[in-house]
There are 2 protein chains.
Amino acid sequence: METDAALRGLSALAQEGRLAVFRLLVKAGPDGMAAGDIARRTKTAANTMSAQLLVLANAGLVRARRDGRSIIYVADFGRMGALLEFLTKDCCGGRPEICAPMLACPAKKPRKARAA
Amino acid sequence: METDAALRGLSALAQEGRLAVFRLLVKAGPDGMAAGDIARRTKTAANTMSAQLLVLANAGLVRARRDGRSIIYVADFGRMGALLEFLTKDCCGGRPEICAPMLACPAKKPRKARAA
DNA sequence: TCTATATTTCAATAATCTATGAAATATGGA
DNA sequence: TCCATATTTCATAGATTATTGAAATATAGA
């Protein structure tokens, strides 16, 4: 990931409402959520939510698809992974002092994965 | 790490100049760098740099200490690690799809560490 | 003490971001 | 076609952030 894309990702997540939306979409998983449901769930006006989702989409952190009258938003895990990779490698030079706390990540031991 | 601290960390890094400064300080390591050296190296006015460093310091990502006439800034690796931990665990729920790309982090295999 | 260096603080401007009402677009169903 | 629902787009006002010149503070050394 290039610096410019990383900056857009960081900026997108660097706001309370958008961070909450992204976390919600991560929890929702691959099925995603309709824009209206997200707005209701976070008690946000529809047009405000639309703007927030647009920023996340422009950063590549979520993707949108239409389903009938609704537009479903889905977190882009690959992109988020790339952002984290940028932060650990490109930004932090892979220094163990920084990376160490992340070893608790389940991806480390995919064999024993339990239901989260 | 709490959401509020994570937001401050994300905001601090979500700007070209500050991200560059933080990367520079990570590379500089525990010895850190004087504010003036950072400003010269990044071709930034001293007062602008001072403001950027203040934002990073308020986010806890760098620490400052005086050394004679200079003020030395040092990246806080622990804090950056905590931010990454927040993003992987609290924010992303430790989903392997997101964490996977980070397995290349050297901390995973400290035994064979080579000079970077 | 006086001067030079290093950095910060202050005040003001410029730029960017966020939220909102109102209107527009797209879809599905009667 | 007409209407209701779902979402976005537009214009704008308010808030926040970034940069800069000028002044202030802190330190070191003559």
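Note on naming: letters A, B, ... go to the chains in the order of the sequence lines (proteins, then strands), and numbering restarts at 1 for each one.
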Look at the side chain of [X] and the backbone N and O of [Y], then say whether any donor-acceptor pair between them is shorter than 3.5 Å.
X	Y	answer
B/T48	B/T44	no
A/E2	A/A5	no
A/T42	A/I38	yes
A/R18	A/S11	yes
B/T88	B/L84	yes

Do [X] and [Y] land in one hydrophobic cluster if side-chain heavy atoms of ILVMFWY residues count as linked below 4.5 Å?
X	Y	result
A/V62	A/L7	yes
A/L83	A/V55	no
A/I72	A/L25	no
A/I71	A/L56	yes

- request: Could you note down all residue pairs passing salt bridge (Lys or Arg N to Asp or Glu O under 4.0 Å) where residues 57-83 of chain A supplies at least one of them, sequence neighbours left out?
  value: A/R63-A/D76

query: Taking only residues at least two apart or on different chains, which pairs with a member in residues 33-52 of chain A satisfy salt bridge (Lys or Arg N to Asp or Glu O under 4.0 Å)?
result: A/D37-A/R40

query: Given atom CG of A/L53 and atom P of D/dT9, what is their separation to the nearest angstrom?
result: 11 Å

Sugar-phosphate, base or nothing in reach of [X], heavy atoms under 4.0 Å:
X	value
B/S70	sugar-phosphate
A/A39	nothing
A/A46	base

statement: d(A/F77 CZ, A/L61 CG) to nearest 0.5 Å is 11.5 Å

Per-nucleotide protein contact string for nucleotides 25-30 of chain D, where B marks a base within reach and S marks sugar-phosphate only (heavy atoms under 4.0 Å, - for neither): -SBB--

- prompt: Through what angle, rounded to 10 degrees, does the axis of the helix from C/dT1-D/dA30 to C/dA30-D/dT1 turn between its ends, using five pairs per end?
  reply: 20°

- request: Return the minimal non-hydrogen interatomic distance between B/V26 and A/C92, and the atom names on each side.
  value: CG1-O, 3.5 Å

statement: Heavy-atom nearest nucleotide on DNA chain D taken for B/A51 and for A/M49; more 5' hit belongs to A/M49

What are the atom names and distances for every N/O pair under 3.5 Å that joins the protein to nucleotides 12-18 of chain D?
{"residue": "D/dA18", "atom": "OP1", "partner": "B/R18", "partner atom": "NH1", "Å": "2.9"}
{"residue": "D/dA18", "atom": "OP1", "partner": "B/R18", "partner atom": "NH2", "Å": "3.0"}
{"residue": "D/dA18", "atom": "OP2", "partner": "B/R18", "partner atom": "NH1", "Å": "3.0"}
{"residue": "D/dA18", "atom": "O3'", "partner": "B/Q15", "partner atom": "NE2", "Å": "3.4"}

statement: Contacted region of DNA chain C by chain A, from 5' end to 3' end of the hits, cut-off under 4.0 Å to heavy atoms, spans C/dT18 to C/dG28

